[in-house]
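Notes follow once the structure below has been shown.
Per chain, numbering begins at 1; letters A, B, ... match sequence-line order.
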Amino acid sequence: MSLATESGRDRARARNGWLLSLPALVLLIVGASGPLLIVVTYSFLKPGEYSGVIWEFSGQAWFQVLFQRDIFDGTLGWADAHLTIFWRSVRLSLLTTAITFAAGLPTAWFIAMQPPDRRAMWLFLITIPFWTNLLIRTFAIMEVIRNEGILNSALMGLGLIDRPVQILYTDTAILIGMAYVYLPLMVLPLYAAIDRFDLRLMEAGYDLYASRMRVLRRIILPIIRPGIVAGSILVFVPSLGAYVTPRLLGGGKNMMIGNFIELQFGQGRNWPLGSALSMVLLAVVMIALLVYVRVAARGDVVR
Amino acid sequence: MGQRSDGERNVSEPAAVEARDTVKTFGAGEQAVRALDRVSLTIRRGEFFTLLGPSGCGKTTLLRLIAGFESPTAGAILIGGRDVTAEPPNRRPVNTVFQSYALFPHLTVAQNVGFGLEMLGRPMAEVRATVERMLALVKLEAMAGRRPQQLSGGQQQRVALARALAPAPQVLLLDEPLSALDLKLRKEMQGELKRLQHETGITFVFVTHDQEEALTMSDRIGVMSAGRLLQVGPPREIYNRPVNRFVADFIGESNFLPGRVERGAVRLGSGDLVSVPGLPPEGTAVTIAVRPEQVRIGAAGEPGTIAATLTDAVYFGTDTHCHLALADGAEVVARLQSPPSGEIGLAPGARVGLRFAEGAVQVLGD
């Protein structure tokens with residue numbers, strides 16, 4: 001009898017668990033799957049004349065992602081503008097990842113080597129910019145790199161240049177902005193990996209005739225790889241979809257894919273193309289995440 | 001001619017390791033800790049040398065100075081006659097077996113063992129052949145493809161040994177390599193280490209706080225305490241002729257009895273006279289040390305014996321430890337081999353006469 005009541009209680013507990021998680025489930029289903037379905041649907045419709053969509057099936061938007069027909073003779077060609085934007089997005093995101101890694105590794109190493117009671121302070125300092133509004137931070141970067149800004153004034157004051165260097169509204173400006181914004185996302189997982197790294201392995205490396213460079217390449221980097229992969233994904237994925245930073249620092253011309261998607265829903269008046277582009281972006285991100293999961297799983301075997 | 005030229009060659013042949021007036025201070029100012037205090041030491045080529053001492057005595061610091069992980073505050077380190085004081089660890093012809101093993105978790109056993117040779121730029125074929133030979137030497141051929149964390153503690157230990165031996169260093173440094181193993185495995189590895197040292201002929205510098213390990217394995221032992229090297233010598237000499245009370249106390253057990261030099265003998269607190277050769281001048285206060293196994297128990301009142309009372313007899317199986325009190329209450333422990341019956345035939349309170357075995361009494365400074 002006690003067994004029956006016990007299993008009854010278990011069932012009640014399970015039911016309660018379901019009930020309690022229901023709000024979250026509803027939110028997830030409605031909030032994530034709903035919009036996604038709308039986007040997928042829109043990408044297979046025809047664009048409305050001024051905005052919105054016409055409810056008629058069409059593969060036109062997906063076609064437009066990569067190809068275009070010449071206005072005059074109707075011949076088929078690559079959509080060069082789109083490809084340029086894709087390429088710029090991927091290139092700038094990869095460069096951002098590389099820059100944050102190059103700057104983040106020594107930073108994370110430095111923090112991990114601090115006495116334990118001081119590490120929290122350093123990590124807090126690293127994350128401070130995170131608590132500041134992205135727009136404000138981006139405007140701050142603009143103030144630094146614009147032609148009459150701090151950097152150019154300082155360089156001219158020092159007599160190193162006699163004319164302001166045009167940085168703002170270039171790819172370089174986007175790169176500086178994104179590297180600044182996403183640096184903490186690289187530092188934190190790197191720190192976590194280095195914190196777990198057994199420093200005695202470095203001594204073992206030196207003892208076995210490895211130079212400093214070789215200890216770094218053959219011992220440290222392979223062992224902290226899970227942190228490197230996690231940091232790279234955390235930087236690469238949002239970089240690829242970055243909107244505010246390229247919009248403000250890149251001006252109107254140097255668009256990244258995020259800005260281009262926005263354009264389709266605004267002035268471009270091509271919601272289906274915007275939807276298709278969004279799906280492409282999502283697909284790239286998913287591929288990046290899959291790569292991460294696989295590499296991280298391999299890392300687990302090593303550990 | 002042979003004899004003489006041999007002698008000459010030994011003199012001219014450089015020592016495997018030499019430390020000259022090495023000082024190592026950690027920290028600065030008020031908090032400065034002197035981990036090594038003017039330590040000079042010569043380790044001969046091909047010997048099994050043990051640095052023995054309690055934790056914090058500086059033995060590991062000295063090992064790290066030889067390996068190059070620390071640089072001395074003053075003094076010099078020579079390896080094979082070459083001054084390496086300023087050289088980084090990767091340029092020194094020594095390899096280390098770490099206390100924690102420090103095996104590379106991302107490499108296989110074979111890759112771990114081959115790491116040093118690979119860094120030295122040896123051809124792949126040679127690396128592979130040496131790795132095979134080393135794994136055979138430590139009997140781990142079957143584990144070549146495993147990762148270190150898939151091995152037991154004892155197997156990891158042997159991988160660490162193979163890895164350090166593979167580049168055929170002039171000197172192998174071992175930092176308490178057996179301390180993480182259980183007793184049975186430790187005994188096994190002690191034999192294994194001795195065997196490897198014989199087979200390779202490499203100079204071993206072994207750090208331990210375990211006196212038994214030091215006594216059974218070493219050709220020579222250096223006893224350290226508080227950053228100083230107190231005594232260097234073969235195990236028998238260290239055990240039987242300790243230079244001071246610390247060495248006598250740290251290695252094995254000893255009875256210490258204070259006294260004063262009187263008429264060419266030592267007058268103990270109990271009033272008994274103990275004759276010892278080579279005493280300091282009359283009236284000097286000294287301490288004599290006698291190992292428990294060198295104390296003989298005879299009948300009370302026997303001539304030449306010291307009167308004592310048995311206070312307790314503790315049975316240890318092969319031995320029985322007899323705690324005895326002298327006339328002034330000073331305690332002496334005698335270790336007797338247990339008789340077949342297990343009973344020594346004396347009850348607490350029994351009056352006996354003590355004798356110290358010939359040549360067993362040591363006169364100690366401080």
- Query: Do you know which of A/D198, A/I219, A/V215 has the most heavy-atom pairs with chain B at a distance under 4.5 angstrom?
  - Reply: A/I219
- What do you reckon, is CZ of A/R212 surrounded by more than 12 foreign heavy atoms closer than 6.0 Å? no
- Task: Of all the heavy-atom pairs spanning A/R214 and B/E118, show the shortest one and how long it is.
- Result: NH1-O, 4.3 Å
- Message: Can you tell me which of B/A166, B/S100, B/A67 forms the most heavy-atom pairs within a distance under 4.5 Å of chain A?
- Response: B/S100
- Pick out which of B/L173, B/N90, B/T96 makes a side chain to side chain contact (heavy atoms under 4.5 Å, CB included) with A/D207. B/T96
- Message: Can you give me the closest heavy-atom contact between B/A102 and A/A204, atom names plus distance?
- Response: O-CB, 3.7 Å
- Select one option (side chain, backbone, both, neither) describing which atoms of B/R163 are under 4.5 Å from chain A's heavy atoms. both
- Message: I'd like to know whether CE of A/M286 has more than 12 heavy-atom contacts from other residues, nucleotides or ligands below 6.0 angstrom.
- Response: no
- Query: Roughly how far, to the nearest 0.5 Å, is CG of B/L103 from CZ of A/R200?
  - Reply: 11.5 Å
Distance-only criterion, 3.5 Å: show the donor-acceptor pairs between side-chain atoms of residues 22-36 of chain B and protein atoms not counting sequence neighbours.
{"unit_1": "B/T22", "atom_1": "OG1", "unit_2": "B/V39", "atom_2": "O", "d": "2.8"}
{"unit_1": "B/K24", "atom_1": "NZ", "unit_2": "B/S71", "atom_2": "O", "d": "2.8"}
{"unit_1": "B/R34", "atom_1": "NH1", "unit_2": "B/D37", "atom_2": "OD1", "d": "3.0"}

- Message: Is the shortest side-chain heavy-atom distance between A/E203 and B/R64 below 4.5 Å?
- Response: yes
- What's the spacing between A/L208 CG and B/N112 CG if we round to 0.5 Å? 8.5 Å
- A/W122, CH2: over 12 other non-hydrogen atoms inside 6.0 angstrom: no
- Message: Applying ring pair (Phe, Tyr, Trp, His ring centres under 6.0 Å), can you list everything that pairs with B/F69, at least two apart in sequence or on another chain?
- Response: B/F98
- Item | Contact check, side chains of B/P169 and A/Y209, non-hydrogen atoms, under 4.5 Å | yes
- More than 12 heavy atoms of other residues, nucleotides or ligands under 6.0 Å from CZ of B/R91: is that the case? no
- The reported gap from CD1 in A/I224 to NE2 in B/H106 (rounded to nearest 0.5 angstrom) is 11.0 Å
- Query: For B/P88, is it the side chain, the backbone, both or neither that has a heavy atom under 4.5 Å from a heavy atom of chain A?
  - Reply: neither
- Can you tell me how far CZ of A/R218 sits from CZ of B/F104, rounded to the nearest 0.5 angstrom? 9.5 Å
